[in-house]
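Beneath this line is the structure, given in structure tokens, with notes to follow.
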Amino acid sequence: MKRKSLWALSLIALIGLAVCAAMMWRPSIAPLDKPAMADAASVERGARVVEQGDCAVCHTRPGGAYMAGGLPLVTPFGTLYTTNITPDRETGIGAWPPEAFVRAMRKGVSRDGHFLYPAFPYVHYSRMSDTDIADAYAYLMSVDPVRARAPENHMMFPMNFRPLVSFWNLLFLRNDPLVDVPGQSAMWNRGRYLVEGAGHCSSCHTPLNFIGGEKASEHLAGGLVDGWHAPALTGMAQAANPWSAPQLVAYLRGEVADHHGGAAGPMLPVSLSIAQLPEEDAQAMADYILSLRGAGAKAGPDCAASTSAVPDNAAGAALFVGACAGCHGGGAPMRTVDGRPGLSVVSAATADTPRNLIKTLLEGIPMSPRAPSHYMPAFADSLDDSHIAALAGYLRSQACAAQPWADLEKTVTTIRQEGASK
Ligand code: HEC
Ligand code: HEC
Ligand code: HEC
């Protein structure tokens with residue numbers, strides 16, 4: 001009896017090990033002998049898909065060659081570097097047959113069989129259509145090959161052991177391509193496809209759990225990325241300062257939207273990518289987003305309706321005149337200059353959290369070749385925490401006097417420290 005159960009236990013343990021080994025192992029796919037050929041139409045469509053997926057935002061480091069990788073991504077589990085996805089045979093994906101590329105996009109596995117970290121948003125790309133993935137491949141194979149190897153990753157134990165990602169995939173990878181929802185318009189379905197697929201919007205706009213997976217129950221209800229708050233994309237049409245479709249289209253395309261302002265922080269490169277696409281793509285995304293209600297929908301403070309007296313904030317007002325009014329209107333942040341909305345209506349000033357306003361002041365809006373007039377200097381070195389807090393308090397009092405932000409100076413200090421620890 002005793003012997004029998006021992007045997008049974010060993011058998012179960014062996015099967016368990018075999019299952020684990022099978023789960024954590026993927027075969028290598030043989031390299032191509034000669035470069036892939038693609039037709040011009042596929043390459044052209046692929047350029048649009050690659051822009052929809054923001055591939056260059058991660059795979060091109062500042063000052064580096066297009067798609068040659070090397071951009072560091074800081075995650076709670078360590079720092080990793082994007083890889084070279086130019087068609088160089090040795091350091092890029094030049095020797096990858098199409099099926100290896102499809103497997104990477106749908107399953108997060110590299111050509112040689114190693115698991116890729118989910119900082120590469122394959123969880124979302126897996127929802128793209130076969131045609132879009134084939135076109136993206138054709139386009140990437142057509143760009144200039146560049147010899148460049150990504151620096152070594154610095155992942156912490158145990159995440160430096162890549163096969164563990166297979167367990168993560170078991171929990172979070174739904175690799176079925178999206179199918180249209182019947183009864184919804186073609187535009188809405190297209191918008192959903194772009195937002196949930198290539199656009200991977202929820203990777204920033206959904207809160208993450210402790211192992212870095214998106215909380216499905218709070219889909220698009222707002223997340224945190226690089227110290228910035230990525231606001232909820234649910235309930236935007238019902239917010240106290242509601243978004244219209246034209247405003248949202250303008251914002252998504254990197255313009256400054258009436259009554260809301262423009263994108264900063266990690267959203268800026270996303271919007272500059274969308275700006276390269278035909279306007280119908282942004283219109284479809286806006287159509288889908290404005291239909292989202294969900295549990296995340298929260299009206300937020302009704303700042304527009306607040307009639308409370310504006311508290312006295314002489315220090316903040318004086319700083320504003322000195323440092324900001326040159327660009328943001330003569331001493332009065334209400335004023336509209338060059339079609340730019342007054343700062344009293346921008347999301348950063350009306351949000352529940354002062355985080356994005358503080359981040360904007362500390363980091364500014366970096367100069368980008370794609371939008372040269374969309375530039376604001378960083379004030380991290382020229383203003384101390386009490387100055388930043390006074391400015392934030394002043395702007396808040398103009399935008400939402402009824403609900404001042406508490407403990408501003410402490411918050412500035414904390415946000416600065418988060419940045420320094422990276
Ligand atoms: C948010 C950043 C990010 C975006 C956006 C992104 N990638 Fe990546 N990608 C990564 C990282 C990081 C890796 C490396 C992961 C690793 O080493 O585990 C990677 C790896 C890859 C690989 C595997 C390369 C190899 O040698 O194993 C391919 C293929 C790839 N990406 C294609 C794309 C395509 C195509 C797009 C756009 C549709 C894209 N990526 C967008 C971050 C990104
Ligand atoms: C890399 C992270 C990231 C990705 C990917 C991303 N966003 Fe954002 N998004 C942000 C951040 C951060 C903000 C806040 C920016 C600011 O305050 O200037 C933001 C702001 C926005 C806003 C303004 C919300 C408001 O209330 O002011 C909209 C709309 C938006 N994003 C839509 C999208 C859509 C649609 C996608 C996918 C196509 C997307 N985002 C992808 C990080 C991201
Ligand atoms: C050189 C011109 C310039 C200066 C100086 C400047 N800004 Fe800006 N600021 C911009 C531009 C351009 C934008 C982006 C367009 C927009 O959102 O209105 C912007 C955006 C903002 C936003 C909105 C960010 C968002 O996430 O939506 C805030 C808040 C802001 N500025 C505050 C300030 C404050 C406070 C100062 C002074 C400490 C200041 N700015 C100084 C040019 C400037």
Side-chain angles (χ1 to χ4, degrees), residues 1-31 58 72-83 93 95-128 130 133 149-179 196-197 200 202-204 206-221 223-225 295-296 421:
M1 182 66 202
K2 232 177 162 178
R3 240 174 102 176
K4 245 189 190 164
S5 53
L6 215 75
W7 269 106
L9 266 180
S10 328
L11 194 68
I12 291 171
L14 267 177
I15 293 174
L17 274 177
V19 169
C20 275
M23 258 192 65
M24 303 197 330
W25 180 84
R26 294 291 178 277
S28 156
I29 296 179
C58 287
L73 297 182
V74 183
T75 78
F77 314 103
T79 299
L80 77 169
Y81 293 86
T82 58
T83 47
I93 59 169
W96 286 38
E99 58 275 25
F101 184 77
V102 171
R103 184 174 71 169
M105 297 289 276
R106 294 213 186 280
K107 314 264 183 192
V109 176
S110 189
R111 185 190 66 73
D112 67 5
H114 74 259
F115 282 91
L116 296 163
Y117 289 112
F120 164 40
Y122 58 87
V123 178
H124 303 279
Y125 297 150
S126 64
R127 317 217 63 192
M128 292 164 66
D130 291 342
I133 292 182
R149 219 176 277 282
E152 285 288 318
N153 294 336
H154 300 284
M155 297 299 276
M156 288 180 288
F157 178 81
M159 282 313 275
N160 51 358
F161 183 60
R162 286 182 181 265
L164 284 185
V165 173
S166 58
F167 293 101
W168 194 95
N169 289 345
L170 211 56
L171 295 171
F172 302 110
L173 182 57
R174 318 250 171 289
N175 44 14
D176 34 326
L178 278 164
V179 283
E196 308 292 356
H200 65 280
S202 66
S203 65
C204 294
T206 297
L208 303 181
N209 60 26
F210 74 104
I211 48 170
E214 290 173 26
K215 293 185 183 163
S217 60
E218 292 172 55
H219 187 62
L220 295 176
L224 199 65
V225 48
S421 66

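Under the side-chain hydrogen bond (donor to acceptor under 3.5 Å, both in side chains) criterion, His124 pairs with Glu214, sequence neighbours left out. Scanning for side-chain hydrogen bond (donor to acceptor under 3.5 Å, both in side chains) contacts around His154 gives an empty result, with sequence neighbours left out. Legend: residues meeting side-chain hydrogen bond (donor to acceptor under 3.5 Å, both in side chains) with Asp176, ordered by chain and number and at least two apart, are absent. Checked against side chain to side chain contact (heavy atoms under 4.5 Å, CB included), Leu224 has the following partners two or more places apart in sequence or in another chain: Arg355. Residues passing the side-chain hydrogen bond (donor to acceptor under 3.5 Å, both in side chains) test with Asn209, sequence neighbours excluded: none. Remark: Arg26 pairs with no residue by the salt bridge (Lys or Arg N to Asp or Glu O under 4.0 Å) rule, at least two apart or across chains.
Atom-to-atom distance recorded for Thr206:OG1 and His219:NE2 is 5.5 Å, nearest 0.5 angstrom. Taking CE of Met23 as the reference point, atom CZ of Phe167 lies at 4.5 Å (rounded to 0.5 Å). Taking OH of Tyr125 as the start and CD1 of Ile133 as the end, the distance is 10.5 Å to the nearest 0.5 Å. Between the CG atom of Leu164 and the CG atom of Asn169 there is a distance of 11.0 Å, given to the nearest 0.5 Å. Considering CZ of Phe161 and CE of Met155, their distance stands at 14.0 Å, rounded to 0.5 Å. The CE atom of Met128 lies 8.0 Å from the CZ atom of Arg106; values are rounded to the nearest 0.5 Å.
Nearest heavy atoms, Gly197 versus Leu178: N-CD1, 4.3 Å. Between Asp112 and Ser28, the closest heavy-atom pair is O-CB, 3.5 Å. Nearest heavy atom pair, residue Phe77 against residue Gly212, reads CZ-N, 4.0 Å. Listed here is the closest heavy atom pair of Ala150 and Tyr81: CB-CB, 4.2 Å. Minimum interatomic distance between Pro27 and Arg103 (heavy atoms only, all atoms of both residues): O-NH1, 2.8 Å. The minimum heavy-atom distance between Ser203 and Leu208, with the atom names listed, is O-CD2, 4.5 Å.
Side-chain contact check for Pro97 versus Arg111: some heavy-atom pair is nearer than 4.5 Å. For the pair Leu80/Met159, no side-chain contact is recorded, criterion being any heavy-atom separation below 4.5 Å from C-beta on. Taking 4.5 Å as the limit, some side-chain heavy atom of Phe172 sits within range of a side-chain heavy atom of Ile211. Residues Val165 and Tyr117 have side chains in contact (heavy-atom distance under 4.5 Å, counting atoms from C-beta outward). Tyr122 is not listed as a side-chain neighbour of His200, based on a closest heavy-atom distance of 4.5 Å or more.
When atom types are taken as modelled, the side chain of Thr75 and the backbone of Gly78 share a donor-acceptor pair closer than 3.5 angstrom. Checked by atom type and distance alone, the side chain of Arg162 pairs as donor or acceptor with a backbone atom of Phe115 at under 3.5 Å.
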